[in-house]
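Labels below follow one simple rule: chain letters A, B, ... track the order of the sequence lines, proteins then strands, and each chain is numbered from 1. All of these numbers come straight from a predicted model, not from anything done at the bench.
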Number of protein chains: 4
Amino acid sequence: MPAFDIKNITGVIPAMVTTFDENENFDEARMRAAVRFLIDRKVHGLYLTGSTGESFMMSPEERKRVVEVVVDETAGRIPLMAHVGAISTKLTVELAQHAEEAGIDAISSVPPFYWGFSQDQVYNYYSDVTGSTSLPMIAYNVPLAGLFGFDMIKRLSTIKGLAGIKYTATTHFEIMRIKEEISKDFIVYSGADEMAMSGLSFGADGIIGSFYNLIPEVFIALDAAVKAGDMEAARQFQETANAIIFFSLPRNPIAAIKRGMAWMGADAGLCRSPFGNFDKAGEEELKAGFRKLKAERKLEGVAFLDAI
Amino acid sequence: MPAFDIKNITGVIPAMVTTFDENENFDEARMRAAVRFLIDRKVHGLYLTGSTGESFMMSPEERKRVVEVVVDETAGRIPLMAHVGAISTKLTVELAQHAEEAGIDAISSVPPFYWGFSQDQVYNYYSDVTGSTSLPMIAYNVPLAGLFGFDMIKRLSTIKGLAGIKYTATTHFEIMRIKEEISKDFIVYSGADEMAMSGLSFGADGIIGSFYNLIPEVFIALDAAVKAGDMEAARQFQETANAIIFFSLPRNPIAAIKRGMAWMGADAGLCRSPFGNFDKAGEEELKAGFRKLKAERKLEGVAFLDAI
Amino acid sequence: MPAFDIKNITGVIPAMVTTFDENENFDEARMRAAVRFLIDRKVHGLYLTGSTGESFMMSPEERKRVVEVVVDETAGRIPLMAHVGAISTKLTVELAQHAEEAGIDAISSVPPFYWGFSQDQVYNYYSDVTGSTSLPMIAYNVPLAGLFGFDMIKRLSTIKGLAGIKYTATTHFEIMRIKEEISKDFIVYSGADEMAMSGLSFGADGIIGSFYNLIPEVFIALDAAVKAGDMEAARQFQETANAIIFFSLPRNPIAAIKRGMAWMGADAGLCRSPFGNFDKAGEEELKAGFRKLKAERKLEGVAFLDAI
Amino acid sequence: MPAFDIKNITGVIPAMVTTFDENENFDEARMRAAVRFLIDRKVHGLYLTGSTGESFMMSPEERKRVVEVVVDETAGRIPLMAHVGAISTKLTVELAQHAEEAGIDAISSVPPFYWGFSQDQVYNYYSDVTGSTSLPMIAYNVPLAGLFGFDMIKRLSTIKGLAGIKYTATTHFEIMRIKEEISKDFIVYSGADEMAMSGLSFGADGIIGSFYNLIPEVFIALDAAVKAGDMEAARQFQETANAIIFFSLPRNPIAAIKRGMAWMGADAGLCRSPFGNFDKAGEEELKAGFRKLKAERKLEGVAFLDAI
């Protein structure tokens, strides 16, 4: 049985990066350091081997190893979700069962993609995978894998064990609709970092995203502001976050996040190709760009900017 | 010179329906009644002959007539915007100049659509149309005509007279970005009714949409709540609105809005084909559906539901 | 009753350009000259006021005038089709009935676009418009207005009077499927100029397209070659045509076609904005480009290239 | 060094199915039987572990095993291509180098998908993978992974060792354009089974597709007819093939192909979930459907239909 009940897995949850070394091999030491860094920053949980975690670039064995390392390093201090989607039901079940044995608290999966599966095939996929463990399943709704319509979300919610959805789109009215027309207890994690404020306002239980690796303190403050009903403060935290996000997006964002973590002492390594990486000169240019952004936009209270 | 300065055209602005009679001809008397109804309900302005106004279903002469009738009936009490887009620059300029002579306060236009024009052609279109009158132009960003990217919005904002944007998409982080990276003075109207709360939170100056014809009181209350910083109240108004919106969307929403207005004494007539309309039996079924929705969702303070 | 039976309207049919003068007004004299030019070149029919004819840039009155002028100038020598689509059923019926009175042989229409109408609404549109005259209707399948799926084509084919389809997409297997699963008698016009050879091979009765205004002789020869079973000759004509098409596409193709006609003595005037036009210098550059293309690709037997 | 030169790998090449047993494990015996079956049917080569081969449902180890088994069973009688795409450059290189060692004649890959890589990242991917072996690379252009534009194809063609493209789209004018504007020597395989006739007419060197597992004899005859310039015969073979294809598409086509092979004595087993499979009753229904199709469409000379 998982240590954390899914109902208590809320708040700010980084879609954790996976650390690779200079030869693009999984770097266990760096991964452990990154886990410690994020726990120190008071994040409320971790979401492993998802889109940000470069999952579909890894073999099943590598994905399992990442999960094992993070479980070990976390040692039960915060809840852990593992994305186990692998298109094939068989491989996904294998990863799901491994996650359960490893000590993960909840599993998650994008729908099977590439071939354009039918709604029935997608339903069967979630039914089969969810039934293969006793862990709660969080379906992962993301344009990269094909968005679910509301009717499909409703249908998926009838699967025993399918406890909620990671909703990575800006159509946040659906979050409200899920809570009203499906159930208040159906967990929703909002996944569009640049609209975290809106996701939470429309009723999301938590937020899962890439930039929570880099600026967890900003989003933790934003989350607290929304909960306190202080929308003006929330708006300002979102503005700070978005300045950083829109600067990063055209510049290999996952690699940039990893560099930013390094500047705070938690070197998260490199990305796997075909994602690009920063060489020495590129990293200096990136730093200079962030420094300029900090000055121009008067960004304060952002740890990685202060660390440059 | 327009009676209202664009900077003061804010708040809740219905994208006004156009009233047609049983033969699908423009119905002047019904249009005047609808204008009086909306002014009575304290809307802050009107947006004419747009998507909700069935503009692309009317000849240029009909569109001009609608504008003239509304200007006459409004008599300067509230500000008026007219959508003048007609794909062709020549026809759009003709409609824009007519709107100015008729006494409209601001013009607006979707980009030229259907043929897939280049970014330069779209820019030239806005430059030519905006330059043809002294009225402020509000570019209309809507998926139906092809969304602008942020860089294009920035480029359009450099056109003298192009004062703002009607932003009908859920990517509300762009509203914040416009205010930060273009100018606080570049006007933004949020246009996704089901996310009005979010549009306003991210910095929109006003909201323009279809359902403000039917439930203006709900959105006026929502707008006030956001301004007062009472997000919990805002959330509840949005929830009420969305229950009505999602019930209506699969049921010929423009025709349903017109029926709802009729139930409050302002019969807005029929839609033009190929939009469908409700016959007697269909209207009764619609009423029954709304009654059931009101009971199930415990909707209170909604004038048209109370009028059934 | 139309002078030509739809079953006999086959072969190479230019989607005729509409001629505008320097002030973007319809230019009757140039239109008449263009009609004479195309009839001299032995085209098998004309398709008026469609996408190439800039229909959605004109008022209903202008569209009617274009039709009247072409009917008068043609004087029954070749069959004429008029595209009458105008989104609104009411306006389309008006244009359809005018076309019938004017002496057109067949009408055609894109489905209603912009608002995203349902399949039932599209069906009703075609049913209403087709039923409003005794002319055969050719539905116009084109990505710009949203493609029909095969099942929708089958459903439309059941409308009395809906005689065929202008199929402007490269999925030519559907042409074969229409002939097999709907009826050999359901007329199909292939509309992708750059794949005319394939459209005809898969069973199209004729071809309708933009470049048949400019290089009718090439496509008439291609059509004859396919009918004679000489695929190698057909391939060479297609190759010649495609060299010209791919050179033109990034250079305002409709305006380029009009310039090319001018070089052959049939000045087809200008395009309406936001389409661009060629100024003197631009036209010389275009000529130089075509001269270079002719030399490099060794293009022979192309009248407009020989006329430069 | 590969046994077959890429210039001689032409004609009809099945995108070979991968055989799985009742537990969804790779079934070596069935794979060997399927290879023998296809060689007996005189196919001109085999394309392994691509979209039809359910590649993205298998672990790297499983993919390697499939390649080894087919190489062993083929024993040099016909050329073999292996699709090695795995999103990650690192994993793809591993598969590519394994393919070379195993004795494959050419490698192929879809572009990296899911994350939406930039054109530069895609270019680097092909450059890195192609450079990692001495085998020729055939880039795989398919909507499922995001189509290349013509300019990208031109750019890819400059990579040393990138010898051609598998072009799985119906825009066949691009095949002609590749031959004219890139090089006659750049190999093109057409990949839309339902338009094989057109792909070959526009200049493709060969055809690679799913249904060549099931009805190789029809496509071998079609290929010969096109080469002989007998378009009427080619058209009839395409018509026969398309009747079978359009019947199969809505019925789990890969599973249906595997059943059809079983009826001819080469049981290709099951598909991996979430693809569906036929149970006993479903298989009988499928057979009945094919029998009815054969009678209604008077399909002759189709081995698997004659075998039912």
Per-residue contact mode, [X] against chain A (heavy atom under 4.5 angstrom):
| X | answer |
| --- | --- |
| D/V122 | neither |
| D/L91 | side chain |
| D/D120 | neither |

Chain A interface, residue from [options] that has the most non-hydrogen pairs under 4.5 Å:
| options | value |
| --- | --- |
| D/E94, D/M58, D/E61, D/E24 | D/E24 |
| D/Y125, D/F56, D/Y114 | D/Y114 |
| D/F117, D/W115, D/F113 | D/W115 |

Rounded to the nearest 0.5 Å, the OG atom of D/S273 sits from the CG atom of A/D128 at a distance of 6.0 Å
Output for pair (D/N252 CG, A/S118 OG), nearest 0.5 Å, gives 7.5 Å
Are side-chain N/O atoms of D/K90 and A/N25 paired as donor and acceptor at under 3.5 Å?
-> yes
Minimal non-hydrogen separation, A/S88 against D/R272, with atom names | OG-CD, 4.2 Å
Check: D/T89 and A/P274 side chains under 4.5 Å, non-hydrogen atoms =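 In contact.
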